[in-house]
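Just so it is clear: chains get the letters A, B, ... in the order the sequence lines come, proteins before strands, and each one is counted from 1. Computed from a prediction, not measured in an experiment: that's the story for all the values here. Below, all heavy atoms of this structure are taken into account, side chains as well, without hydrogens, waters or symmetry copies.
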Amino acid sequence: MVTIGACVKEPGSSRNNKTGSWRTFKPILDKEKCIDCENCILFCPEGCINKDYDIDYDYCKGCGICAEECPVEAIKMERG
Amino acid sequence: MNISEKEFLAPGHRACAGCGATVGVRLALKALGKNTVAVSATGCLEVITTPYPETAWNIPWIHVAFENAAAVASGVERALKSQGKDAQVVAFAGDGGTADIGLQALSGAMERGHNLIYICYDNEAYMNTGVQRSGATPYGASTTTSPHGKESFGEDKPKKNIPMIMAAHGVPYVATASISFPEDFMKKVQKAKETDGPAYIHLHQPCTTGWGYDPSKTIELGRLAVETGSWILYEIEDGDFRVTYRPMERKMVDEYLLAQKRFKHLTQEERNRIQKNVDALCTELKI
Ligand SMILES: Cc1ncc(C[n+]2csc(CCOP(=O)(O)OP(=O)(O)O)c2C)c(N)n1
Ligand code: SF4
Ligand code: SF4
Ligand code: SF4
Ligand SMILES: [Mg+2]
């Protein structure tokens, strides 16, 4: 049912939509190589890399920005 | 800089993989923090973040129409004020919603002096409806309504200078920014927040779908725009103009233009003309 004024009351409910299914290539992050620059966190359009550098594959669309912007090539794009 | 670790824009939104608009909004909200109310104009951002009955926003957010983000933000600001609530109001609108159809509402809000931040996320065309030109489309770009072909070489008018039009309103804070320079951008958002009165930020934002480049290159394209002098980062605080980033060595615009499908058709002569215009402005600003 449509709510009054099309009001949506649950913040962040787009989480119901798992965009990980869009992905062709998957970023694999090597924490050993990582130098904590936070580029990947700042530039991910999905905001799906957390402060411990775990990637949430439920939402990662595989755009490859994180791998492209990592200064030490700690992120590799793999098929799958 | 006090930057929130929290995410105020949830994943699951429908933006194209590699979308620069969502990067811009994430960064802006990190700089603004939780006590923020957002307003959006119709456009990609609104459509991708709020497919009914879902929302990606973790803060209060309202959408009304394509043309009136600034008017709605004005009303929200006054309503909060009259209720004695202290929250920052921020409007996000596309370049079409800002340079074209929303300009009148924006001018009015600036003139009335509302205490709000208006961020134009500029992907240089009407992306949501299929890449039609806007007043902010740059010279030479091919769009579906400024196509290149036998009779045309693409957009034949220069990009409308909205930040300077905003500055001419005499508002206390105006800045340009790029999603590829997050620290510079977030600093400006925080300055805008500290500003008493209207603040305007014009955010350059590459769009993989409309510009025609690989999604992984979104940040690189934004950086190239700045490094070639095609997009200049500056701020105007109480009338004082200051360039906030100067490339060590300015790159040739060809590097930026040839990386995108929308400029691929341009001849060397046409690209040289663009280089000349960029050179003239950069020389004036000592970039
Ligand atoms: C009055 C009106 N005219 C036309 C439209 C159709 N429309 C929706 S979004 C849009 C373009 C938005 O362009 P822009 O503001 O640059 O945002 P973008 O989609 O590029 O992010 C248009 C023409 C509309 N919603 N309302
Ligand atoms: S590939 Fe794209 S969506 Fe996935 S984690 Fe990297 S930046 Fe985020
Ligand atoms: S971009 Fe690379 S080095 Fe920087 S935080 Fe991410 S994984 Fe680590
Ligand atoms: S068309 Fe461009 S601005 Fe719109 S969602 Fe896709 S990448 Fe983002
Ligand atoms: Mg646009």
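Contact check for B:Trp61 versus A:Pro11: no side-chain heavy atoms found under the 4.5 Å cut-off. Annotation: side chain of B:Met186 is in contact with side chain of A:Leu42 (closest heavy-atom distance under 4.5 Å).
For B:Ile219, the parts lying under 4.5 angstrom from a heavy atom of chain A are both the backbone and the side chain. Looking at A:Lys18, there are no atoms closer than 4.5 Å to chain B (heavy atoms on both sides), in backbone or side chain. Contact annotation for B:Ser180: only backbone heavy atoms (N, CA, C, O) come within less than 4.5 Å of a heavy atom of chain A. There is no contact between B:Ile62 and chain A, counting heavy-atom distances below 4.5 Å.
Within 6.0 Å of atom NZ in A:Lys9, 12 or fewer heavy atoms from other residues, nucleotides or ligands are found, so the atom counts as exposed in its surroundings. The 12-atom threshold is exceeded at CD of B:Gln83, counting heavy atoms of other residues, nucleotides or ligands nearer than 6.0 Å. Enclosure of atom NZ in B:Lys217 is not indicated, since only 12 or fewer non-hydrogen atoms of other residues, nucleotides or ligands lie within 6.0 angstrom. For NZ of B:Lys81, the number of neighbouring non-hydrogen atoms (other residues, nucleotides, ligands) closer than 6.0 Å is 12 at most.
Most heavy-atom pairs under 4.5 Å with chain B, from the set A:Ile41, A:Asp56, A:Asp58: that is A:Ile41. Taking chain A as the reference chain and counting heavy-atom pairs below 4.5 Å, the highest number among B:Ala21, B:Gly18, B:Cys16 is found for B:Gly18. The greatest number of non-hydrogen atom pairs below 4.5 Å with chain B, out of A:Gly47, A:Cys66, A:Gly5, is found for A:Gly47. Among the candidates B:Thr55, B:Thr22, B:Val23, the residue making the largest number of heavy-atom pairs closer than 4.5 Å to chain A is B:Thr55.
To the nearest 0.5 angstrom, A:Glu68 atom CD is 6.5 Å from B:Glu220 atom CD. Distance CD/B:Glu7 to SG/A:Cys48: 9.5 Å, rounded to 0.5 Å.
Contact detail for B:Ala10 and A:Gly12: the closest heavy-atom pair is CB-CA, 3.7 Å. For B:Gly12 against A:Tyr59, the heavy-atom pair with the smallest separation is N-CD2, 3.7 Å. A:Ser13 approaches B:Pro53 most closely through the heavy-atom pair OG-O, 4.0 Å.
Put simply, the side chain of A:Lys61 gets close to the backbone of B:Ala15: a donor and an acceptor are under 3.5 Å apart. Remark: side-chain polar atoms of B:Arg26 are paired, donor with acceptor, to backbone N or O of A:Cys44 under 3.5 angstrom. Checking side-chain atoms of B:His13 against main-chain N and O of A:Pro45 turns up a donor-acceptor pair under 3.5 Å.
Under 4.0 Å is where a charged nitrogen must lie from a carboxylate oxygen, and between B:Arg223 and A:Glu69 at least one such pair does.
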**OP:** Carefully, step by step, assess B:Thr218 and A:Phe43 under the rule side-chain contact (heavy atoms from CB on, under 4.5 Å).
**Re:** CA-CA 9 Å; B:Thr218 293; A:Phe43 290 135; over 6 Å; no
**OP:** Determine, stepwise, if the pair A:Val8 / B:Glu54 fulfils side-chain contact (heavy atoms from CB on, under 4.5 Å).
**Re:** CA-CA 7 Å; A:Val8 175; B:Glu54 289 174 11; 5.9 Å; no
